[in-house]
Amino acid sequence: MTIISEFFSIFFGLFNLTSVFSFFIVVGIISLCCMILNAMASAFQTKKYENFLHFIRSFVPLFSIFMLQSYLLSIDSYTQWLTECNLQVLLWFYFLLMLNERDQVYILTLVATIFFINFNFNRGIHDITPLSLAIAVIGLLVIAVSAFVIQKYSVAIIENKLLFVIAMIVFATSWGLLILPSQELDVLLFIALICKLIVYMTCIHLVNSVGRIQYEALIERINTDFLTQLSSRTAFEKSFDQSFKAAKNKTIQLAFIILDIDNFKLVNDTYGHLIGDAVLKEVSHAIRENIVNYKGAELFRIGGEEFGIILENTDYAEAQKMSLNILKAVNELSVNTDKGTFGVTISIGVAEWHEKDKTKEMFYNRAESYLYFAKNNGKNAVTVDGVIVNR
């Protein structure tokens with residue numbers, strides 16, 4: 001029997017019923033861990049729980065391996081147990097990529113060091129050869145370095161299939177080098193186990209990729225307003241929070257513009273909701289056309305006939321200029337209906353972040369108060385810092 005045919009015989013022999021069942025156990029463990037993490041992320045959204053969540057995420061691989069070990073220990077055959085142990089490497093690799101926590105690298109290195117000591121020094125000093133010890137040391141070093149690289153460049157590795165395969169081979173081989181000398185594995189079996197791991201990890205990666213595409217499409221739908229195709233209130237809350245934190249940390253200059261169509265309820269009551277929808281589309285288009293040349297400007301429909309613009313690194317002068325251009329563009333709109341033609345006006349409030357705005361709610365409410373000032377003083381106006389500037 002040639003080496004190649006012997007290798008394939010060993011490789012295909014690894015995919016028995018126990019092996020397939022073990023793989024589905026791993027898939028179940030990954031799914032369970034992800035559900036727990038998502039539930040915890042939803043339950044602990046405030047900043048004070050941030051370190052706690054990082055701590056939990058860092059120990060997830062260890063927790064998942066304990067769960068897998070409780071199953072593997074039930075396998076009677078040592079050979080079968082040994083061939084399924086590389087599924088632990090799969091769990092480490094998966095969570096290093098997906099959770100991207102630096103503390104995982106430290107925990108992984110510590111666990112690998114414990115394995116190194118156990119495999120090489122608990123069997124008696126006479127069983128250790130310089131060559132086997134050197135191979136194990138190389139494996140330990142490669143584990144630490146590869147884990148660091150995988151965690152640091154996880155996004156690039158996930159996106160690039162070649163990098164993904166290379167990272168997986170290096171990571172799996174390093175664990176093999178750590179364990180191989182002590183377990184006296186056949187070289188062909190060692191290579192076959194790595195190939196098996198690649199097959200299983202590729203399956204998980206493909207499923208994960210499909211799930212990620214569906215998830216991103218769902219997030220895109222959630223973050224996009226169906227009628228106007230602008231970013232939605234959900235997207236606004238996230239962006240507003242991030243921009244406010246950046247402004248508070250003095251990394252950006254921040255302005256916020258809030259806009260509201262005047263007498264919109266009257267439009268719906270007089271001309272119907274279809275015409276009202278058409279007005280929303282026309283106004284959103286007019287606003288969008290007047291912010292395209294402003295870098296760092298984000299436009300959102302934040303509710304009903306209300307729109308918001310987050311302006312990073314933009315001062316009052318620029319925000320005022322933009323607002324006046326938007327007001328002019330909206331005033332030029334003309335809506336034709338069976339009941340006649342009518343024009344559209346809009347009221348605008350403009351606020352720049354000040355240190356007195358201790359919370360994002362205070363900043364938002366100040367901008368909104370300027371909007372109401374414009375509404376209460378004849379509408380069709382731009383209020384900047386409490387002063388109407390277009391009259």
Side-chain angles (χ1 to χ4, degrees), residues 4 7-38 57 60-75 77 79-101 104 108 143 146-147 149-151 153-176 179 185 188-219:
I4 294 177
F7 166 76
F8 279 110
S9 176
I10 295 171
F11 175 69
F12 289 117
L14 293 175
F15 294 91
N16 51 42
L17 187 60
T18 302
S19 177
V20 174
F21 184 74
S22 299
F23 173 69
F24 282 110
I25 291 287
V26 168
V27 173
I29 290 172
I30 290 174
S31 301
L32 177 62
C33 290
C34 289
M35 284 190 292
I36 292 173
L37 287 173
N38 288 334
R57 285 162 63 92
V60 160
L62 206 56
F63 172 67
S64 65
I65 284 171
F66 283 145
M67 286 194 291
L68 178 61
Q69 273 290 358
S70 65
Y71 160 71
L72 292 178
L73 290 174
S74 67
I75 298 176
S77 168
T79 303
Q80 186 68 55
W81 173 84
L82 188 62
T83 59
E84 300 309 317
C85 275
N86 67 343
L87 291 174
Q88 297 172 90
V89 179
L90 187 153
L91 287 170
W92 276 117
F93 183 78
Y94 178 86
F95 286 118
L96 267 176
L97 280 180
M98 298 304 164
L99 299 185
N100 192 20
E101 291 286 344
Q104 285 186 37
L108 174 60
I143 286 171
S146 63
V149 172
I150 289 167
Q151 185 273 327
Y153 300 102
S154 59
V155 175
I157 292 171
I158 291 171
E159 297 296 331
N160 189 299
K161 292 182 176 61
L162 179 60
L163 287 178
F164 178 83
V165 172
I166 292 173
M168 189 165 36
I169 291 174
V170 171
F171 190 67
T173 303
S174 63
W175 277 96
I179 299 170
L185 287 179
L188 289 181
L189 176 59
F190 170 66
I191 297 172
L193 286 172
I194 293 176
C195 292
K196 173 190 170 186
L197 185 68
I198 292 172
V199 171
Y200 279 166
M201 191 62 213
T202 301
C203 292
I204 290 178
H205 184 60
L206 289 173
V207 172
N208 194 70
S209 297
V210 172
R212 188 157 54 91
I213 291 171
Q214 292 175 339
Y215 174 76
E216 289 173 353
L218 175 61
I219 294 299

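If you read the sequence from its start, that first residue is 1, and numbering goes on from there.
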Trainee: Who passes ring pair (Phe, Tyr, Trp, His ring centres under 6.0 Å) against F95, sequence neighbours left out?
Mentor: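 Ring pair (Phe, Tyr, Trp, His ring centres under 6.0 Å) list for F95, sorted by chain: empty.
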Trainee: Would you say the side chain of F171 lies within less than 4.5 Å of the side chain of L96, judging by non-hydrogen atoms?
Mentor: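 Touching, per the 4.5 Å side-chain cut-off.
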Trainee: For the OG atom of S31 and the CZ atom of F24, what is their distance to the nearest 0.5 Å?
Mentor: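 S31 OG to F24 CZ: 11.0 Å, rounded to 0.5 Å.
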Trainee: L163 and A156: which non-hydrogen atoms are nearest, and at how many Å?
Mentor: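 Looking at all heavy atoms of both residues, the shortest contact is CD1-O, 4.0 Å.
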Trainee: Who are the side chain to side chain contact (heavy atoms under 4.5 Å, CB included) partners of L17, not counting sequence neighbours?
Mentor: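 None.
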Trainee: What's the shortest heavy-atom distance between L90 and M201, and which atoms?
Mentor: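 Smallest interatomic distance, heavy atoms only, reads CG-SD, 3.7 Å.
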Trainee: How close do S146 and I143 get, heavy atom to heavy atom, and via which atoms?
Mentor: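 That closest heavy-atom pairing would be OG-O, 3.1 Å.
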Trainee: Run the side-chain donor-acceptor check on residues 61-68: report pairs under 3.5 Å with partners two or more places apart or on a different chain.
Mentor:
from, atom 1, to, atom 2, distance (Å)
S64, OG, V60, O, 3.3
S64, OG, P61, O, 2.7

Trainee: Between L14 and L189, is any pair of side-chain heavy atoms under 4.5 Å apart?
Mentor: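 Yes, side chains in contact.
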Trainee: Of the non-hydrogen atoms in F7 and L188, which two are nearest, and what is the gap between them?
Mentor: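 Looking at all heavy atoms of both residues, the shortest contact is CD1-O, 3.9 Å.
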Trainee: Listed by chain and number, what are the side chain to side chain contact (heavy atoms under 4.5 Å, CB included) partners of T173, not counting sequence neighbours?
Mentor: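 Here the qualifying residues are I169, L177, F190, I194.
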Trainee: I want to check something: taking the side chain as every heavy atom from C-beta on, are I157 and M168 in contact at a cut-off of under 4.5 Å?
Mentor: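 No, their side chains stay 4.5 Å or more apart.
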Trainee: Looking only at heavy atoms, what is the nearest atom pair of I158 and L97, with distance?
Mentor: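 Looks like CD1-O, 3.8 Å.
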Trainee: List for me each residue that meets side chain to side chain contact (heavy atoms under 4.5 Å, CB included) alongside I36, sequence neighbours excluded, and say none if there are none.
Mentor: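 I36 satisfies side chain to side chain contact (heavy atoms under 4.5 Å, CB included) with L32, M40 only.
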Trainee: Would you please name every residue forming a side-chain hydrogen bond (donor to acceptor under 3.5 Å, both in side chains) with Q104, sequence neighbours left out?
Mentor: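 Here no residue qualifies.
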Trainee: Please list, chain by chain and in numerical order, all residues satisfying ring pair (Phe, Tyr, Trp, His ring centres under 6.0 Å) with F15, sequence neighbours excluded.
Mentor: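 Listed in chain order: F11, Y200.
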